[in-house]
Structure formats: C-alpha cells, structure tokens
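I have placed the structure first, in the form of structure tokens, so that the comments after it can refer back to it.
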Amino acid sequence: MKVNNVSLERVVGRIDQLPTNELVEIAFAGRSNVGKSSLINTLISRKALARTSGQPGKTQTINFYNVEDKVYFVDLPGYGYAKVSKKERDRWGNFIETYIKSSKQLKLILLLVDIRHKPSEQDKMMYNWILYLGYTPLVVATKMDKLKRSQIQKHIKILKEELNATKDTVFIPFSSHTKQGKEELWGQIDAHIEVSL
Ligand SMILES: Nc1nc2c(ncn2[C@@H]2O[C@H](COP(=O)(O)OP(=O)(O)OP(=O)(O)O)[C@@H](O)[C@H]2O)c(=O)[nH]1
Ligand SMILES: [Mg+2]
C-alpha cells in the first residue's frame with residue numbers, strides 16, 4: 001500500500017472505549033521495548049507518529065492509527081515490563097484479551113520478538129494464545145541490525161524452535177533502523193487486507 005494519509009485516530013485506555021468500526025484492523029503485539037511503535041512508524045514512513053522510547057512501557061493505551069482509510073494499525077501496550085505491579089499486569093492482560101476477543105475487524109496479529117534473544121515465557125504464552133484464539137501470528141523478528149548478516153537465519157531457526165511454531169507461521173526479520181524487511185512485511189499485510197476487503 002502506498003501511504004500518504006495516516007493519523008492517530010483513537011487512543012483507548014478502557015474497554016468501553018473500543019471502537020465499533022468498519023475498517024479492517026491489524027494489531028502489533030510484543031513485549032515492552034521490542035519495537036512495536038518503531039515498526040509502525042517505519043511501515044507508514046513517519047519518523048515519530050507512533051511515540052517510541054528507550055524506556056519500556058511507553059505505549060500504555062491501545063492506539064488506533066488510521067492508514068489511508070483502509071486499515072487500522074493497532075499499537076498494543078507492551079507486556080513483560082518488570083517494574084509494573086501485578087495489578088497493572090492483570091489489567092493489561094484483561095484489556096488486550098478483551099480487545100482481541102471482541103474485535104470483529106481484527107484480521108492479522110503481528111507478534112514482535114527481538115531477534116537477538118530466545119523468546120520469553122510471555123512471548124511463548126502470547127504466541128500460543130494468539131493461535132488458540134484462531135489467528136496465525138505473523139512473527140516479526142525485530143532489531144536485525146544488531147546481528148551480523150550471517151547470524152540471522154540461525155536466530156530465526158532458534159525462534160521457530162523455541163516458540164514451537166506451526167508450519168504456516170511466517171517469520172520476517174526486520175529493522176526499523178535499516179528498514180530491512182519493510183517491503184516483505186507490507187506484502188504480507190496487503191495480502192491480508194485484500195482478502196478482507
Ligand atoms: N537497533 C534497533 N533499535 C530499535 C529498533 N526498533 C526499535 N528500536 C529501539 O528500541 C526502543 C523501543 O522502541 P519502541 O518502538 O518504543 O518499542 P515498543 O515495543 O513500542 O515499546 P512499548 O511502547 O514500551 O511497548 C527504542 O529505543 C527504539 O529506538 C530496531 O529495529 N533496531
Ligand atoms: Mg510503543
């Protein structure tokens with residue numbers, strides 16, 4: 001998709017504020033600091049529409065970006081931020097869960113994991129949970145610029161093994177610094193949007 005028009009249309013902090021809309025939705029999930037907001041900025045070719053930060057826990061609301069009046073990119077708050085209380089974590093879990101379960105327009109969930117590290121227990125839970133809800137997550141292995149080119153396939157293999165990934169789960173190495181993986185990712189997103197339009 002060629003992106004000219006995009007805006008942050010809705011910031012949702014409570015379940016009862018979730019939109020009932022017509023546009024298709026694509027959600028971006030993953031642990032705090034993995035690069036969700038940066039990925040959205042890269043896809044829409046904006047430097048900083050989605051707020052990013054070196055401090056984990058930047059995105060705490062569910063943010064709906066209207067892209068070309070065709071699709072919402074849904075930036076989810078990150079999980080696994082150690083400094084957050086259990087109560088907050090539970091609230092997060094309920095919030096995300098309610099959104100994913102209740103959205104009628106959600107067509108694709110991108111699960112972001114850091115290409116350098118083994119997935120955390122929460123990453124594994126999230127992966128399995130997305131499958132359980134009937135979606136096949138598209139796994140984006142972020143921050144590939146931090147690895148040597150020769151290491152990338154090895155790390156993708158480790159991620160597949162550790163997540164015990166299904167055959168039809170697609171893995172895309174990505175960097176929002178070098179923009180590697182951007183075209184491939186758009187290819188996947190366009191394909192999902194097309195079948196749903
Ligand atoms: N080297 C490198 N750093 C990245 C990349 N993507 C994001 N970062 C950095 O990682 C940090 C976190 O990025 P964000 O995009 O804010 O992460 P997030 O997943 O939205 O974080 P929360 O909103 O806290 O859930 C920032 O300092 C980014 O500059 C990447 O591809 N390569
Ligand atoms: Mg964020």
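Residues: numbered from 1 along the sequence shown. Remember, it's 1-based here, ligands and their atoms both numbered in the order they're listed.
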Please find out if the Mg ion (ligand 2) and some N, O or S atom of Ser38 are separated by less than 2.8 Å.
-> no

Atoms in ligand 1 with a heavy atom of Gly78 nearer than 4.0 Å = 25 (O)

Would Trp186 and Phe174 count as a close aromatic pair, with their ring centres under 6.0 Å?
-> no

Which ligand 1 atoms are under 4.0 Å away from a heavy-atom of Asp145?
-> 1 (N), 2 (C), 30 (C), 31 (O), 32 (N)

Just checking, is any N or O donor in the side chain of Asp145 or Thr178 under 3.5 Å from an acceptor N or O on the other one?
-> no

For ligand 1, which part of Asn33 has a heavy atom less than 4.0 Å away: the side chain, the backbone, both, or neither?
-> both

Using distance alone, with no hydrogens and no angle criterion, decide if Asp123 and Ser120 have a side-chain donor and acceptor under 3.5 Å apart.
-> yes

Indicate if Ile62 and Ile15 have the same hydrophobic cluster label, given that clusters are the connected sets of ILVMFWY residues with side-chain heavy-atom separations under 4.5 angstrom.
-> yes

If you look at every heavy atom in Ala29 and Met126, which pair is closest and at what distance?
-> CB-CE, 3.9 Å

Is the shortest distance from a heavy atom of Thr142 to ligand 1 less than 4.0 Å?
-> no

Do any nitrogen or oxygen atoms of Leu76 come within less than 3.5 Å of a nitrogen or oxygen of ligand 1?
-> no

Taking only heavy atoms of Ser38, which atoms of ligand 1 are found under 4.0 Å from at least one of them?
-> 6 (N), 7 (C), 13 (O), 14 (P), 15 (O), 28 (C)

For residues Lys160 and Thr169, is any side-chain donor paired with an opposing acceptor at under 3.5 Å?
-> no

Going by the 4.0 angstrom heavy-atom rule, the piece of Met144 near ligand 1 is neither

